[in-house]
Amino acid sequence: PGASGCVSETGSGGACIDGAALDGARTVVVSPDGANVYVAAETSGAISVFARDQLTGALTQLAGLAACVSQTGTGGTCVDGRALGGAGGIEVSADGAFLYVASFGSDAVATFSRDPGTGALAQLPGTAGCVSETGNGGSCLDGTALDRARSLALSPDGSSMYVAAEASDAIAI
């Protein structure tokens, strides 16, 4: 109820708590331990990170740069990330160690490690941090059939990831 019942990009005129990198919020996922919530925001090209009160469900965005990872760093509000343009699909591994993001603007899947204590995200270094249709100028691994990657799913054992790519008319593995 009231401002504690929602978080928005602008605070919605005082109706919500003001959040960061939520413009075009598209997909929400809760970590397997229930401690964190992650939001993929298409227009922001970002992943926003929240601590979740396990008794009430209330959300608190992490402080400082841990609040979000974005394609552009969002003017110093977020950590700079790669292959997050048009972030949409989001998935957390069953063990809670990794988070994956399908990004249709970057034609890619970005990969992050997740700190189990804080929920903070860190993109894997180098080309391990993303796979894209074109390799994004060497910053990502070069993938196939990822043009306009929209959503993704992990197999229950975590051994396979399936990515739906709209413009490729494909499911990439």
Side-chain angles (χ1 to χ4, degrees), residues 1-12 14-71 73-74 77-84 86-104 106 108-125 128-131 149-164 171 173:
S4 65
C6 60
V7 180
S8 76
E9 178 73 18
T10 63
S12 300
C16 296
I17 296 168
D18 192 15
L22 291 166
D23 195 12
R26 184 167 185 89
T27 310
V28 177
V29 67
V30 178
S31 61
D33 62 7
N36 298 99
V37 171
Y38 300 92
V39 179
E42 187 174 294
T43 306
S44 292
I47 304 305
S48 294
V49 183
F50 297 87
R52 178 181 168 271
D53 182 305
Q54 295 193 42
L55 294 177
T56 67
L59 301 177
T60 304
Q61 193 157 21
L62 298 191
L65 291 177
C68 47
V69 180
S70 76
Q71 179 73 21
T74 313
T77 302
C78 302
V79 172
D80 276 324
R82 298 182 317 283
L84 291 170
I90 188 169
E91 202 52 68
V92 179
S93 61
D95 64 4
F98 297 96
L99 182 130
Y100 304 94
V101 181
S103 301
F104 79 91
S106 296
V109 175
T111 304
F112 299 85
S113 62
R114 175 182 171 267
D115 181 316
T118 66
L121 299 175
Q123 192 158 21
L124 297 186
C130 49
V131 178
R150 280 282 186 189
S151 64
L152 47 86
L154 283 170
S155 62
D157 65 2
S159 67
S160 300
M161 178 180 296
Y162 302 93
V163 182
I171 302 295
I173 301 170

TODO: Evaluate the side-chain proximity of Glu9 to Ser44: yes if any heavy-atom separation is below 4.5 Å, no if none is.
DONE: yes
Task: Least distance between heavy atoms, Asp23 atom then Ala41 atom - done: O-CB, 3.5 Å
TODO: Sort and list the pairs that fulfil salt bridge (charged side-chain N to carboxylate O under 4.0 Å, His left out) and have at least one residue in residues 51-61, not counting sequence neighbours.
DONE: none
Open item on the list: Quick one: does any side-chain atom of Gln71 pair with a main-chain N or O of Leu84 as donor and acceptor, under 3.5 Å?
Closed with: yes
Open item on the list: Ignoring hydrogens, what is the shortest heavy-atom contact between Gly73 and Ser70? Give both atom names and the distance.
Closed with: N-OG, 2.8 Å
- [ ] Any chance you could measure Leu121, atom CG, to Ser48, atom OG, to the nearest 0.5 Å?
- [x] 10.0 Å
Task: Spacing of CG belonging to Asn36 relative to CG belonging to Leu62, to within rounding of 0.5 Å - done: 6.5 Å
Task: Closest approach of Ile90 to Leu152 (non-hydrogen atoms, all atoms of both residues) - done: C-CD1, 4.2 Å
Task: Summary of salt bridge (charged side-chain N to carboxylate O under 4.0 Å, His left out) pairs that have at least one residue in residues 31-47, sequence neighbours excluded - done: Arg26-Glu42, Asp33-Arg114, Glu42-Arg150
Task: Euclidean distance, Ile173 CD1 relative to Met161 CE, rounded to 0.5 Å - done: 12.0 Å
Open item on the list: Looking at Gln61 and Ala67, would you say the former's side chain and the latter's main chain have a donor-acceptor pair under 3.5 Å?
Closed with: yes
TODO: Please report the shortest heavy-atom distance between Ser93 and Tyr100, naming the atom on each side.
DONE: CB-CE1, 4.4 Å
Task: Any residue meeting side-chain hydrogen bond (donor to acceptor under 3.5 Å, both in side chains) with Thr60, in chain and number order, not counting sequence neighbours - done: none
TODO: Return yes if some donor-acceptor pair links the side-chain N/O of Thr56 with the main-chain N/O of Ala58 below 3.5 Å, else return no.
DONE: yes
Task: Least distance between heavy atoms, Ser103 atom then Ala83 atom - done: OG-O, 2.9 Å
- [ ] Indicate the atoms forming the closest heavy-atom contact of Arg82 with Gly129, along with that distance.
- [x] NH2-CA, 3.4 Å
Open item on the list: Main chain of Gly89, side chain of Ser151: is a donor-acceptor contact present, judged purely on distance under 3.5 Å?
Closed with: no
Task: Inter-residue atom distance Leu154.CG - Ser160.OG, 0.5 Å rounding - done: 9.0 Å
TODO: State, with a plain yes or no, whether a side-chain heavy atom of Tyr38 is found less than 4.5 Å away from one of Val101.
DONE: no
Task: Non-hydrogen side-chain atoms of Asp95 and Pro32 separated by less than 4.5 Å - done: no
